[in-house]
Amino acid sequence: MSRIIHMDQSGDASVLYATNIDIPAPQADEICIEQSLIGVNYVDVYFRKGLYPMPSLPGSIGVEAMGTICAIGSNVTGFEIGDRVGYAGFPVGSYCTHRNVAANRVIKLPGDIADEKIAGSLLRGLTAYFLLKHVCKVQAGQSMLVHAAAGGLGQVLVHWAKQLGITTFGTISTPEKAALAQKQGLDHAIFYKDQDFETVIKDLTDGQGVDYAIDGIGGESLNKSIRTTKPFGITANIGQVGGQLPLLDVNTLANRFLIRASVLAYINNLQEYHKAAQEWFDILRHASFPAAHMYDFADASQAHKDLEAGATNGAVYLKVTA
């Protein structure tokens, strides 16, 4: 038996509700995890709203969780009952108390990093690795624009980029949020409610622009992000919080690169998936990010409401209690 956060149809956060389902014993090459901390990510909102298609409805969302192994299928080696593990990626459906997961996607969690530090952070860490070391192999001395630099992913990107010697520009809503991003090493805070980030970046870079822009906003922001990059710069779109993606005038891309980048597609490569996770653990060992926002398992809808309202500034997770 597993408790699960279910949805019968796409919609706002109210479509999420808790129910019980029976789950089978793990099949060959599978592990059953008794999940304790379940990551909540903005991609979950896209699946809930129907912007990204669910495999089927009714169904469950979620792409990240951690817990302990409670059963092991045949052909699985290297794991034992009670091992502390986590995972991220497809298939969706992590909002549950017990889940069978393919063994090759299960990651043993390092004993020197606390559960609460890892919880809700794994997909963000994998995303940052993907954006900084695969989509654009950034180099010391380069410059980068990060939108929502005080958000959960934004702070990770700023921190990791700073470790790599990158000059960072970040859009921010308030002085309080600017302080959070600056604690991670943000070089230039741009208050997007009062300042045009395209103009500010042009002014700060003597008209040159940045080497790399990471845009999870969509809407008109994407066109502007592209225009902030210097000739042969790269823009990575990773979401559309601010609205549907615009039709692009191909002339906007003259001597510039644009990629719509999906970390979920990237981590289908198991070798890269496991490598990225270990690099993220190395970052977590030495970083200091804000405490994660914890919600009771049954309060998934409230977690979604707060995430969409911008009321969170770090990792977000659901906690399963007995």
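Along the sequence shown, residues are numbered consecutively beginning with 1. Computed from a predicted model, the values in this text were never measured in an experiment.
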Undergrad: If we ignore angles and hydrogens, is there a donor and acceptor under 3.5 Å between the side chains of Q278 and D282?
TA: no
Undergrad: Aromatic contact between Y192 and F197, with the criterion being ring centroids under 6.0 Å apart: yes or no?
TA: no
Undergrad: Tell me the salt bridge (charged side-chain N to carboxylate O under 4.0 Å, His left out) pairs involving residues 310-322, sequence neighbours left out?
TA: none
Undergrad: Using only atom types and a distance under 3.5 Å, with no angle test, would you say the side chain of E64 pairs donor to acceptor with the backbone of L122?
TA: yes
Undergrad: Check the angle between the aromatic planes of Y52 and F47 and answer parallel, tilted or perpendicular using the 30° and 60° thresholds.
TA: perpendicular
Undergrad: Side chains of R84 and T68: do they bring a donor and an acceptor to under 3.5 Å?
TA: no
Undergrad: Go through the side-chain N and O atoms of S225 and H147 and say whether any donor and acceptor fall under 3.5 Å apart.
TA: yes
Undergrad: Please tell me whether H159 and F289 form a close aromatic pair, meaning their ring centres lie under 6.0 Å apart.
TA: yes
Undergrad: More than 12 heavy atoms of other residues, nucleotides or ligands under 6.0 Å from NZ of K117: is that the case?
TA: yes
Undergrad: Any side-chain to backbone donor/acceptor pair from Q155 onto A150? Under 3.5 Å, distance only.
TA: yes
Undergrad: Report yes if the side chains of T167 and H188 come closer than 4.5 Å at any heavy-atom pair, otherwise no.
TA: yes
Undergrad: Does a donor on one side chain sit under 3.5 Å from an acceptor on the other, for H293 and T312?
TA: no
Undergrad: With side chains defined as the heavy atoms from C-beta onward, is the minimum distance between K275 and Q271 less than 4.5 Å?
TA: no
Undergrad: Is a side-chain donor or acceptor of R105 paired with a backbone partner of L270 at a separation under 3.5 angstrom?
TA: no
Undergrad: Decide whether D211 and S143 meet the rule of one side-chain donor and one side-chain acceptor closer than 3.5 Å.
TA: yes
Undergrad: Any sub-3.5 Å donor-acceptor pair from R256's side-chain atoms to I234's backbone N or O?
TA: no
Undergrad: Under a 3.5 Å threshold, yes or no: a donor from one side chain and an acceptor from the other, between E272 and Y266?
TA: yes
Undergrad: Can a side-chain donor-acceptor contact be found between N100 and Q27 if the only test is distance below 3.5 angstrom?
TA: no
Undergrad: Could you pull out every donor-acceptor pair under 3.5 Å between side chains of residues 12-20 and any protein atom, sequence neighbours left out?
TA:
{"from": "D12", "atom 1": "OD1", "to": "S14", "atom 2": "N", "distance (Å)": "2.9"}
{"from": "D12", "atom 1": "OD1", "to": "S14", "atom 2": "OG", "distance (Å)": "2.4"}
{"from": "Y17", "atom 1": "OH", "to": "D8", "atom 2": "OD1", "distance (Å)": "2.9"}
{"from": "Y17", "atom 1": "OH", "to": "D8", "atom 2": "OD2", "distance (Å)": "3.2"}
{"from": "N20", "atom 1": "OD1", "to": "R3", "atom 2": "NH1", "distance (Å)": "3.1"}

Undergrad: Please examine the side chains of F79 and V106, heavy atoms only from C-beta on, and report whether any two atoms are closer than 4.5 Å.
TA: yes
Undergrad: Under 3.5 Å, is there a donor on one side chain and an acceptor on the other for Y95 and D44?
TA: yes
Undergrad: Are any side-chain N or O atoms of Y317 and backbone N or O atoms of S36, one a donor and one an acceptor, separated by less than 3.5 Å?
TA: no
Undergrad: Under a 3.5 Å cutoff, is there a donor and acceptor pairing between the side chains of N268 and Y273?
TA: no
Undergrad: Can you check whether W280 reaches V156 side chain to side chain, under 4.5 Å on heavy atoms?
TA: yes
